[in-house]
Amino acid sequence: MRAVTKRRTWLYFIPYGLWLALFVIAPVALIIYQSFFDLGHHFTLGNYSTYFQSATYLKMTLNSVWYAFLITLFTGLISYPTAYFLHQLKHRQFWLLLVILPTWINILLKAYAFIGIFSQAGLANQFLTFIGIGPQQILFTNASFIFVATYIQIPFMILPIYNSIDDLNPAFVNASRDLGASNWQTFRRVIFPLTLPGVKAGVQAVFIPSLSLFMLTRLIGGNKVITLGTAIEEHFLTTMNWGMGSTIGVILIVAMIIVMTLTGDKKPKGGAPR
Amino acid sequence: MTQPIIALHHVTKRYGDATILKNIDLTLESGKFYTLLGPSGCGKTTILRTIAGFTDATTGDVLFAGKRINDVPANKRNVNTVFQDYALFPHLTVAENVAFGLTLKKTPKKEIATRVANALKLVQLADYGDREISALSGGQQQRIAIARAIVMQPKVLLLDEPLSALDAKLRREMQYELRDLQQRLGITFLFVTHDQEEALAMSDEIFVMNQGEVLQSGTPVDIYDEPINHFVADFIGESNILPGKMLDDFQVAFGGLRFECADAGIPANEAVEIVIRPEDLTLTEPANAKLIVTIDTQLFRGDYYEIAATDDLGNDWLIHSVNPAEDGQSVGITFRPQDLHVMRFGEKEAEFDARLETYEGEEDESSDET
């Protein structure tokens, strides 16, 4: 009887196991393997030493992290109040749907739409001319890159935060008020710490993809910001240095692991504000 | 009489078309243990929330020590609540939970430490300060919730069915502890429950509620012995309720027989209901009996037998007896005049009290015996 159940469980595991092997373990193994080969297909540690000794690569990594940080920060600053506000509304499911809607549209389409809006004769500049400021260079600036990236990431931050606010037992809020806390104190000491898991999930969902954004950097940012994602693309498709590209890929994977650990759901260690 | 600590005057609460509270008037004196008792959905928790400040009265006044507090927000009221599901903050330790209210008030750290320690000692969990909330059992969480509220030294403590999640044994223990705590602290407790046994055991005064109205208030003994109507009699304790007719003062008829009773002030020939508690019925020889019944079935309840019987007219009787009976046996039952309680249809509490006033003075000796 037990043996049968065990075999059944294994059967159920097959689709997931295959998926894991083909699309997670194999690619990661391949990337790590490739990262130890130079252009001439010789085994080498050179890619890593180049990476760590090159000011360009380190600066680029720092840049990526910095911009991903900024994007995550702005996304968070907009998403938390939005999620909080949405949750108070009467037809919240409907409003939430409106927030999710843009995620169904391809990111490239959205990027091209913004090219139109931000271009010299675009809507944004028409408005600036109308109010007397005159046309400005909007497209291909760092600000426009951050703006569009934030716009694209917002739904992915709002959803987990909204869910965590939804899960919050209203009795906690009442208890806090009962013990003499003002609205702000209740928010700071009860609501925010208890919805922090949602914020963390949102950071994971935004920060890591932001590290490797590459189409936006070109289409909107005008390649002024070179992120790790752009570098990988260049190495694989332009310079054909697969070894170096894989090395940066490994760096990206390590960065993901670091972010996951920092925002992990274990015991909060001083991360929660007191 | 001293100034009441809490008073509700004509408080009504409506949600859309539904009226949750209908013209509630109640007064709580300082230092007593009060209970709001009623079935779920009767509005008892709404009263609590109105006093705590989580919900507004649609009309009427809520007074705290004589001052109207309708517009005072919850965090500025000198009352604290023990919530039904405790609502302990899961991201804080036990001590941080208890200290929560004090830290908001910017109380000096040293004072917080001593007051938290004292509160934890009071609920007999002195060593639990560093624990996580998730590491506590239901009973312990319940005590921490009480500690978190009483550390604020409120004038009134509101308890919203705090024992409903506990098992029977722990519940009984906590009943003793709560009663003891209330007497030691001298704080007014307003306790909400749907458990009549709990209400009878702990309270100085009970408010029996149904469908948004307070039907009767009084000491547990008063309410048990002299329920105002069918609902109260049925809700509190077990009872035999029979239709009858008032013949004269202290004379009532049911089942075609005339009985002596302890009630007066009701017009002759008025249709009434008669309550007799099962424990007031005594099994006896048919010769000495006031009524003859046939035993249907009986259950052994440990300290007594619960006997179901039927009389010749088909009325069902519930009898608590120390001695067993035999199924199908024909036995006599007897009761004392003061065990018969007469209830008028639609009589309000004020009218009921006024009527009792008219004859209770002279009858005091007999009714006190019960």
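Keep in mind it's a predicted model, so treat the numbers as computed, not measured.
- By the neighbour-count criterion of 12 heavy atoms within 6.0 Å, atom CD of B:Gln84 is densely surrounded, having more than that number from other residues, nucleotides or ligands.
- Applying the 6.0 Å contact sphere to NZ of B:Lys22 captures more than 12 heavy atoms from other residues, nucleotides or ligands.
- In this structure, chain A has no heavy atom under 4.5 Å from any part of B:Leu158.
- The local environment of CZ in A:Phe147 is sparse, with at most 12 non-hydrogen atoms from other residues, nucleotides or ligands closer than 6.0 Å.
- In this structure, the portion of B:Arg49 lying under 4.5 Å from any heavy atom of chain A is its side chain and not its backbone.
- In this structure the side chain of A:Arg189 reaches within 4.5 angstrom of the side chain of B:Leu104, judged on heavy atoms.
- Chosen from A:Thr186, A:Leu194, A:Asn169, A:Asn174, the residue pairing most often with chain B at heavy-atom distances under 4.5 Å is A:Asn174.
- Using a 4.5 Å cut-off between heavy atoms, B:Asp85 touches chain A through its side chain atoms alone.
- The number of heavy-atom neighbours closer than 6.0 Å to CG of B:Asp130, taken from other residues, nucleotides and ligands shown, is 12 or below.
- Closest non-hydrogen pair, B:Pro90 versus A:Phe172, comes out as CD-CZ, 3.5 Å.
- To the nearest 0.5 Å, atoms CG (A:Leu179) and CG (B:Asn75) are separated by 10.5 Å.
- Of the N and O atoms on the side chains of B:Thr81 and A:Asp178, at least one donor lies less than 3.5 Å from an acceptor on the other residue.
- For B:Phe100, the parts lying near chain A are the backbone and the side chain together; criterion is any non-hydrogen pair under 4.5 Å.
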